[in-house]
Structures are given as structure tokens and as C-alpha cells.
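Notes for the one structure printed next.
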Number of protein chains: 2
Amino acid sequence: MNLPSVAPGQPLTSDLGEAMEFIRNVPIFSEIEASELAKIVRVGVRKKYKKGSIILLEEETGAALFVIISGKVKIVRTDDDGREVILSILGENDFFGEMSILDGLARSASVVAITKTELFMIHRRDFLKLLQDVPAVAVSLLKELTMRLRKADAQIKSLSLKDAAGRVANVILQLADDIGTIRKGRVEIDELPLQQDLANMAGTSRETISRVVHMFIKKNHLELQGNKLIINDYEKFKSLYT
Amino acid sequence: MNLPSVAPGQPLTSDLGEAMEFIRNVPIFSEIEASELAKIVRVGVRKKYKKGSIILLEEETGAALFVIISGKVKIVRTDDDGREVILSILGENDFFGEMSILDGLARSASVVAITKTELFMIHRRDFLKLLQDVPAVAVSLLKELTMRLRKADAQIKSLSLKDAAGRVANVILQLADDIGTIRKGRVEIDELPLQQDLANMAGTSRETISRVVHMFIKKNHLELQGNKLIINDYEKFKSLYT
DNA sequence: TATTACTTGTCAAAATCGTAAAATTTCATG
DNA sequence: CATGAAATTTTACGATTTTGACAAGTAATA
């Protein structure tokens, strides 16, 4: 794992228009008036990270909200033994860092770039002010947290009740929903994460991932083309393993 | 499992003062002015359920917020095979039902009374109005959801990385935090849930609960007095199994 | 109080899953 | 394109956990 890339963080003032355009498309900010938005954009900072770099470290306290401009990150909790659980994978327009802002506690998870990633950072105080001033942002945020709780609950159910095959199927279906594309009636997942990452999402070992994925391929549920995973019949697969 | 008890739900107008007193002590309403509070109390409804009755059923849509006046409930997700996962156990002053209100989706979990329970119910529209009118409520709610997300994430980590003993220890520690009391420097859990419920929380079988708890007792970490579980050295136990 | 329904402790058999290690493939980089 | 590093596949094995069962204990109730 690399150290954080020390991008100095250029202010966005150089290109306000572009930044506005971006931020307006971020769901939790979509309700904000242009004037408010401009304030935010002016105090925000743009940061770049290369693949593998640690963006935030567990146990840290300094709080800020980050919105993903481009790239993908994983939210990770780590064991004393160094084993990790991936709580979620976030992509463009998703945000993170809100939990420490809201309750003031130390981060309970680290954030790692899994591709080259560009972020938009808003300091705690600015974000809190926004929450105060624009009630719609609070409501958006409530909706987003609710969605995350639903996902977490589904994950707990899966981990509690399903065997390894079921949990892996779940992770694949989750990825399909999050980053899958539909082509010729089939769902494709480009850039399938590493087996080790899949294992860390499904709460199993890398070996089991290998075994189970090939079992699915033998049963014609899945197809693997290089780094692309194809679900032949999404609905059928879902109904069989959910 | 019994059918829902059909308590007709008496308005609280009969005893406004008492209801105010109660609602004022509920954390998410603590910031509200007395006048606002009175409105809420007037539109709220009190409901009673007996042990074992189903308060809310998964897949239902009708949305309302419930605050627990007295008793305990479990939030449960159920398998097609009827196996269940307990997502959390809530007690006095806790609330539930907010997720469907916020995102409008059907409930993803059922709620079952595990003791005789009395609830205070606020209809969706009244709660949404409250959110609009009193920003502090939104912030309280955001904090509470954040806390629940942290708990859920910890649960996911535990289920993913720990063996059965570790997961059981985790559930016991969680119960200690939620409903434990400190006596003579030790943490006591009165009314330990049934082994089957513990199993449904730890994602394991009842037999394993029995085996592991007795292993902990042999190692002098725990003591069992009837239905009361005592953690002899909370910190040590935590450090050994967390 | 007697009876019935739950709840718990424990066992043996069977299944599941993780660990380890070696062989092979894929990928990144000079 | 070659080469070393990283990632994956495969195999075998053993440890953990689940299943299903039953007896003993406890609580609930008629």
C-alpha cells in the first residue's frame, strides 16, 4: 500500500464553471440554489490520488466531506492481523467522510483508491454550515444514509444466513447493481475487483472465491472474459441465490 | 409467532402532561420547543403489544415512526426458509420506522415485541412536517442514523472476520453496551435473550451459542445466574475477543 | 399442582470452509 | 518482447461448524 499522494490540492477558482457543473450533478447537492453552490465550490479543494494510495486512515479524526469526481475507492475496515473487510465500493458522484462530521467520532474505516481518483473536498465547518442553511441537503443526506443502512442490513443478512456460494453471488449482484452495464440483455461487470477484494467483500477466503466463481461458470450462470464478468441471466441468477 | 394485538390505539389527549414528559426525554425530540412538542403529542397515538406479537411486517408499506415507551423489540429480517437475522434490539426511548418514511420504500425488516411493549406512533406526514419545521430534529436523526451505520459496519466486520467465538463475544459486548448495567465493577445483562435469538444475532447456530458461552464460563470470563449474564472483566473480555 | 410447552445442554455424524503449497497464468515494466 | 512480480487455479487435508436428535431442566398455564 502506498502512502497518500501529496497532491497540494489546488483551489478550484481557476475553473469555477466546470466545478459548478460537476457539483450540480452530485445527488446530495442537487437541490441547492446556484448562489449557495457557488460558495461551496469556492471553498472546496480538488485532490488527486493514484491507484492504491490511502486517502483516509482509520482512527484519524480530522473531518471533511469528499465527493468523488472520478475514479473508484473502497471503504475498508482492518483487523489487528491486517485482514480487511470492504464495506463498500464508491464511484463517481458518491461521497464519504460524512460520518465523522456528523458525530465527531474518529473514523471507523479507511478509504483507499482502487483506481486513479480525483476528489472534491469540503471542510467540516463548511459542510455543517450548508446543513444548517439548506434543509434540503439534510433531507438528501438522510435519504442517502437510509439507503446505506438498507444495504448494510442486507449485507448482515447475507453474511448471517448464506453459505459461501450465496455470499459470493450476493457480492456479484451488488457489483452488478453498482457498476454493471447492460449489453445484449446481459449484465457485464468491467474491471471486476481482485479475487482478494471480492473475498473481503463476501467474508470468505480468496480460494473460495475462485472455487465458487468457477462453479458458477460451469453452471453457465457466469462468463469471464479477461477482467470482465458477465452474468448470463441476471434475474435467474438472482432468484437462485438471493 | 402471534398475530398483532389489535390495540385500538387511544389518543393521548387524556393525559397530555405525562406524554409530554415522556416525549421530551426521547433524544431525537429533545431539541424541540414545547409548543412544537405539544402538536406532536396531540397527533401521536399510543399502542400496546404483548410479548411475541408482530408490530410491523416486512414488505409492508404504510409508514409511521414509532418510539418505544416501554418494553423491548427486535428488528428482524427473515429468510425464505424462515430463518431470521436480528439486526438490532431496541428498548425504551429508541425509535424505528424512520427508514420507510425517509425513502418511501417498503420495509426491509419486521419488528417483533420481545416483551410486553408500549409504543408512541407518529404518522408519516406529521413526522415529515416536523423534519421540515425543526432542523434540529433532522440533525439529531442524522446523528442517530450515523451511529446505526457504525454499528452495522462493526457487525459486518465481525461477521466477516471472526470465528464463532469471536462473533458471540461481540454480540455479548454489544448487549452489554445496549442494555447492560454496572454492579460491583462488573457488567450485568439482565434478561439475556434466548439462545436462538443470540444465534440469530451472531450468525451461528443455537448449539454453538451454548457451547461457546460455556467455554467462556469455564474460562471465567462470564457467569450465568439464572437469566442474568455477568461479564467478570469487561475490558479484558473485550480486549481478548475484539 | 399437574401438565404442557419452551428452553437448554450435549452428542455423533456430516458438511462446509479455510489453510497451505505448488503450478500456472496474467500483468506491468524496462 | 522478455522477465519478474502478482494473481489465480488446483489439490489435499484438517479444523470448525451445522444438523438433527434427545434428555433434562425451567417456565407458563389450565
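Below, chain A is the first sequence line, B the second, and so on; all start at residue 1.
- Atom CZ of B:Arg211 and atom P of D:dT16 are 10 Å apart (whole Å).
- The closest donor-acceptor contact from the side chain of A:Arg167 to the backbone of A:Thr204 lies at 3.5 Å or more, if one exists at all.
- Between A:Asp163 and A:Gly226, the residue anchored nearer the 5' end of DNA chain C, judged by the nucleotide with its closest heavy atom, is A:Asp163.
- A:Lys151 and A:Asp178 are joined by a salt bridge, as a carboxylate oxygen and a charged side-chain nitrogen come within less than 4.0 angstrom of each other.
- A salt bridge does not link A:Arg211 to A:Glu207: none of the charged nitrogens lies less than 4.0 Å from a carboxylate oxygen.
- Distance from the side chain of A:Ser205 is smallest for C:dG18 among the nucleotides D:dT17, C:dG18, D:dT9.
- Atom CD in B:Glu207 sits roughly 11 Å away from atom P in D:dT17 (whole-Å rounding).
- Using cut-offs of 30° and 60° on the angle between ring planes, the pair B:Tyr241 and B:Phe216 is perpendicular.
- Using a 3.5 Å distance cut-off with no hydrogens or angles, the side chains of B:Gln196 and B:Asn200 do pair a donor with an acceptor.
- At a cut-off of 3.5 angstrom, counting only N and O atoms as typed in the model, there is no donor on one side facing an acceptor on the other between the side-chain of A:Arg206 and the base of C:dG18.
- Using a 4.0 Å cut-off, some side-chain N or O of B:Gln195 falls inside it from OP1 or OP2 of C:dG9.
- In this structure, the CG atom of A:Leu224 is 15 Å from the P atom of C:dT25, given to the nearest Å.
- Note: CD (A:Gln196) to C1' (D:dT9) measures 15 Å, nearest angstrom.
- Within the structure, a side-chain polar atom (N or O) of A:Thr204 is placed less than 4.0 Å from OP1 or OP2 of C:dG18.
- Rounding to whole angstrom units, NZ of residue B:Lys162 and P of C:dG18 are separated by 17 Å.
- Between the C1' atom of D:dT8 and the CD1 atom of A:Ile209 lies a distance of 12 Å, rounded to the nearest Å.
- Nucleotide C:dT7 holds its P atom 9 Å from the CG atom of B:Asp197, rounded to whole Å.
- OP1 or OP2 of C:dG18 has at least one side-chain nitrogen or oxygen of A:Thr208 nearer than 4.0 Å.
- Dashed line: the shortest gap from a side-chain N or O of A:Ser210 to OP1 or OP2 of D:dT8 is not under 4.0 Å.
- Between A:Leu194 atom CG and D:dA5 atom P there is a gap of 18 Å when expressed in whole angstrom units.
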